[in-house]
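The structure appears below as structure tokens.
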Amino acid sequence: MNFAKVLVDGEKLTKDNFAEPPKAMGVLPFWFWNGEMDEDEMRWQMKEYHSKGISGLFIHGRFGETIGYLSETWFE
């Protein structure tokens, strides 16, 4: 199932494509960053996401985040 085809033409919902959607149609959760972020903990969390089939996420800086929103360290 091509994601562009789904957007343009639509795709009939079936038990199969509902039970096992393609990654393009998968979940992309918010990953909330607040307080001090520990690199080892962050690596562990990313591995946990990946092991559960999560192929991406949105980093969401929250109140108390100490890295510096969109700083050089943020992108490292």
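Worth knowing before you read on, the calculation uses all heavy atoms, side chains too, and leaves out hydrogens, waters and symmetry mates. It should be emphasised that the depicted structure is a prediction, and the values quoted were computed from it without experimental measurement.
Hydrophobic clustering, with ILVMFWY side chains joined whenever heavy atoms are under 4.5 angstrom apart, groups F75 together with M37. Neither I67 nor W44 shares a network with the other; the hydrophobic side chains, linked directly or stepwise wherever heavy atoms of I, L, V, M, F, W or Y lie under 4.5 Å apart, form separate groups for each. In the hydrophobic cluster analysis, where Ile, Leu, Val, Met, Phe, Trp and Tyr join through side-chain heavy atoms closer than 4.5 angstrom, L57 is grouped together with M42. Note: the hydrophobic cluster containing I54 does not contain F58 (ILVMFWY, side chain heavy atoms under 4.5 Å, direct or indirect links).
Atom CD of E48 sits about 4.0 Å away from atom NZ of K52, to the nearest 0.5 Å. Between the NE2 atom in H60 and the OH atom in Y69 there is a gap of 9.0 Å [rounded to 0.5 Å].
Around NE2 of H50, the count of heavy atoms belonging to other residues, nucleotides or ligands within 6.0 Å does not exceed 12. Within a 6.0 Å sphere centred on CD of E36, other residues, nucleotides and ligands contribute 12 heavy atoms or fewer.
Classified by interplanar angle (parallel below 30°, tilted 30° to 60°, perpendicular above 60°), the ring pair F30/F32 is parallel.
Residues Y49 and P29 come closest through the heavy atom pair CE2-CG, 3.7 Å.
For E41, the side-chain hydrogen bond (donor to acceptor under 3.5 Å, both in side chains) partners two or more places apart in sequence, or in a different chain, are Q45.
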